[in-house]
Amino acid sequence: MELAVDQPFDLAASLESGQAHRWRREGEWFTGVIQGSFVKIRQASFSAQGSARDVVEFRSEPWPEAALLPRLQAYFRLDDDLNAVYQEICQDLRVAEMVGRYPGLRLLRQEPWECLIAYICSANNNIPRIHQMVEKLAESFGSPITLDGLVRHTFPTPQRLAQVSEGELRQLGLGFRARYIAPAAQAVADGSLDLAALAHAPYEEAKAPLMECPGIGPKIADCVLVFSLEKLEAFPIDVWVRRALGEWYFPGQKTPPDRVLLEWARQHFGRYAGYSQQYLFHGRRLER
DNA sequence: TTCTGCCCTTGGCA
DNA sequence: ATGCCAAGGGCAG
């Protein structure tokens with residue numbers, strides 16, 4: 001089935017920019033799991049009557065493609081007017097340069113629960129290994145789904161992960177992050193952390209309850225907020241972004257502490273700061 | 001109160 | 001090969 005796109009859209013850049021952790025590239029196809037469905041998707045360009053046309057096609061199981069279509073539109077945030085976003089964030093010339101380099105890189109609207117656990121796993125870690133940890137959690141505690149003879153697994157429920165011991169998670173290679181999983185899972189499972197409600201709360205009011213979980217500080221909270229809870233003003237500051245901000249905006253000075261940097265960035269980049277951050281992060285990371 | 005330095009797991013990467 | 005580093009957070013001092 002086909003996904004109609006009338007927006008700037010670069011599938012590969014969006015899926016490989018380090019936001020989401022369950023996508024694998026198989027040639028021109030990407031495979032992943034969204035909302036409990038195994039999805040296979042590609043972006044191909046065909047030239048018809050001299051004008052190039054981009055086609056995004058996908059398959060899914062067990063959800064029929066027609067049912068998955070609106071979920072994919074939401075996942076890729078096709079409801080964001082990216083050109084309007086560009087008009088705002090390109091007021092900053094560094095961001096404008098990255099937008100010019102990676103047009104169509106989109107923020108993804110991920111599932112909050114999975115996003116929460118994935119970013120707990122991201123602490124002091126590198127992207128390939130985060131992918132590996134999330135995949136191992138799915139393989140170990142999720143349910144299998146088959147598509148075209150390939151098997152992937154759903155991401156486990158909060159109830160399931162709340163039962164898993166720290167030792168088991170350490171054996172999966174989670175390291176010191178293993179002890180943070182069960183408390184977060186328990187909070188979500190018993191309703192004391194209501195992720196769906198946080199999507200409707202203002203930024204600060206959504207951030208505080210996230211940070212009450214052990215293992216979640218300001219950076220990870222901002223990741224969960226921008227990648228799954230509709231807070232496009234959130235601005236996660238990791239080592240790459242900290243270096244970039246220090247070098248570009250505070251040259252010759254000691255880089256301010258993260259708390260100060262965050263306030264500066266939210267003021268400087270505005271309501272779409274999260275998009276600015278993603279472009280800065282992606283551009284900076286690919287420079288190496 | 002705020003800042004600094006250190007520790008934590010493990011594998012990717014040069 | 002062997003050390004540095006990674007979409008950080010918690011803690012002591």
Side-chain angles (χ1 to χ4, degrees), chain A residues 13-24 95 98 102 105-110 112 114-137 140 164-184 187 207-229 231-247 250 253-263 265-266 269 273-288:
Chain A
S14 303
L15 296 183
E16 293 182 329
S17 60
Q19 308 172 58
H21 305 281
R22 300 220 55 200
W23 293 99
R24 292 181 186 167
V95 172
M98 297 306 171
Y102 310 104
L105 167 59
R106 306 186 75 91
L107 286 177
L108 303 173
R109 183 183 280 115
Q110 302 181 51
E114 177 177 332
C115 192
L116 181 77
I117 296 300
Y119 279 89
I120 286 177
C121 291
S122 77
N124 190 231
N125 206 349
N126 54 61
I127 289 174
R129 196 154 76 105
I130 300 166
H131 292 353
Q132 180 180 305
M133 288 176 182
V134 176
E135 199 61 29
K136 282 194 172 182
L137 288 175
S140 304
V164 180
S165 71
E166 178 183 340
E168 256 178 298
L169 295 171
R170 281 183 178 269
Q171 285 184 346
L172 291 184
L174 266 69
F176 65 87
R177 308 156 195 87
R179 69 197 197 93
Y180 301 140
I181 302 297
K207 189 170 185 175
L210 290 176
M211 290 178 59
E212 287 174 17
C213 296
I216 300 185
K219 192 274 175 181
I220 290 177
D222 273 333
C223 286
V224 177
L225 290 170
V226 72
F227 297 138
S228 73
L229 294 175
K231 306 300 181 279
L232 298 189
E233 69 269 44
F235 191 91
I237 299 177
D238 75 305
V239 289
W240 298 99
V241 171
R242 186 180 307 120
R243 271 178 216 150
L245 293 182
E247 181 181 320
F250 302 89
Q253 327 169 27
K254 190 167 69 172
T255 304
D258 287 356
R259 187 181 53 77
V260 177
L261 267 187
L262 177 56
E263 287 318 302
R266 292 192 58 213
F269 294 109
Y275 265 106
S276 307
Q277 186 273 358
Q278 195 58 25
Y279 278 91
L280 292 177
F281 174 80
H282 188 63
R284 189 73 182 191
R285 189 165 76 94
L286 292 190
E287 273 181 21
R288 313 287 148 186

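Residue numbers start from 1 in every chain, and the chains themselves are labelled A, B, ... in the order their sequence lines are given, proteins ahead of strands.
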Please report the interatomic distance CZ(R109(A)) to CG(L232(A)), rounded to the nearest 0.5 Å. 8.0 Å
Contact class for R170(A) vs. all strands (heavy atom < 4.0 Å): base, sugar-phosphate, or nothing? sugar-phosphate
If we take the P atom in both dG8(C) and dT2(B), what is their distance in whole Å? 24 Å
Exam field: side chain R177(A) to backbone L174(A), donor-acceptor pair closer than 3.5 Å: yes
hbond_proxy R129(A) side chain to dT9(B) base (donor-acceptor, 3.5 Å cutoff): yes
Is it true that K207(A) and D222(A) have a side-chain N and a carboxylate O under 4.0 angstrom from each other? yes
Would you mind classifying the nucleic acid contact of Q278(A) as base, sugar-phosphate or nothing, using non-hydrogen atoms under 4.0 angstrom? base
Rounded to the nearest 0.5 Å, how far apart are CD of Q171(A) and OG of S140(A)? 10.0 Å
Is there a Watson-Crick or G-U wobble partner for dC11(C) with both distances under 3.5 Å, and if so, which one is it? dG5(B)
Rounded distance in Å - CD (E135(A)) to P (dG11(B)): 16 Å
What range of DNA chain C does chain A touch, first nucleotide to last, counting atoms under 4.0 Å from its heavy atoms? dA6(C) to dG10(C)
Less than 4.0 Å between a side-chain N and a carboxylate O, is that true for R170(A) and E166(A)? yes
Passing option when S17(A) is tested against Q278(A), H282(A), R106(A), R285(A) for side-chain hydrogen bond (donor to acceptor under 3.5 Å, both in side chains): Q278(A)
Let me spell it out: for each of Q132(A) and L174(A), pick the nucleotide of DNA chain B with the closest heavy atom. Which residue's pick is nearer the 5' end? L174(A)
Between C213(A) and D238(A), just flag the one whose closest nucleotide in DNA chain C comes earlier from the 5' side. D238(A)
Under 4.0 angstrom, heavy atoms only, what part of the nucleic acid is G18(A) near: base, sugar-phosphate, or nothing? base
Separation between the P atoms of dT9(B) and dA12(C), rounded to whole Å: 16 Å
Just how far, in rounded Å, is C1' of dC13(B) from CG of N126(A)? 9 Å
Value rounded to 0.5 Å, distance of CG in D238(A) from CZ in R243(A): 8.5 Å
Between the CZ atom in R129(A) and the NZ atom in K136(A), the distance rounded to the nearest 0.5 Å is 10.0 Å
Going 5' to 3' through nucleotides 2-7 of chain B and flagging B where a protein heavy-atom sits under 4.0 Å of the base, S where only the sugar-phosphate is that close, and - otherwise, we get --S---
Should the ring pair F269(A) and F235(A) be called parallel, tilted or perpendicular, given that the plane angle runs from 0 to 90° and is split at 30 and 60? parallel
So what does F227(A) touch, heavy atoms closer than 4.0 Å: a base, only the sugar-phosphate, or nothing? base
Spacing of I127(A) atom CD1 relative to dC13(B) atom P, expressed in whole Å: 11 Å
Considering only atom P, compute the distance from dC13(B) to dA7(C) and round it to an integer number of Å. 10 Å
Calculate the interatomic distance between R179(A) atom CZ and dT9(B) atom P; express it in whole Å. 8 Å
Verify the neighbour count for atom CZ of R179(A): are there more than 12 heavy atoms of other residues, nucleotides or ligands below 6.0 Å? no
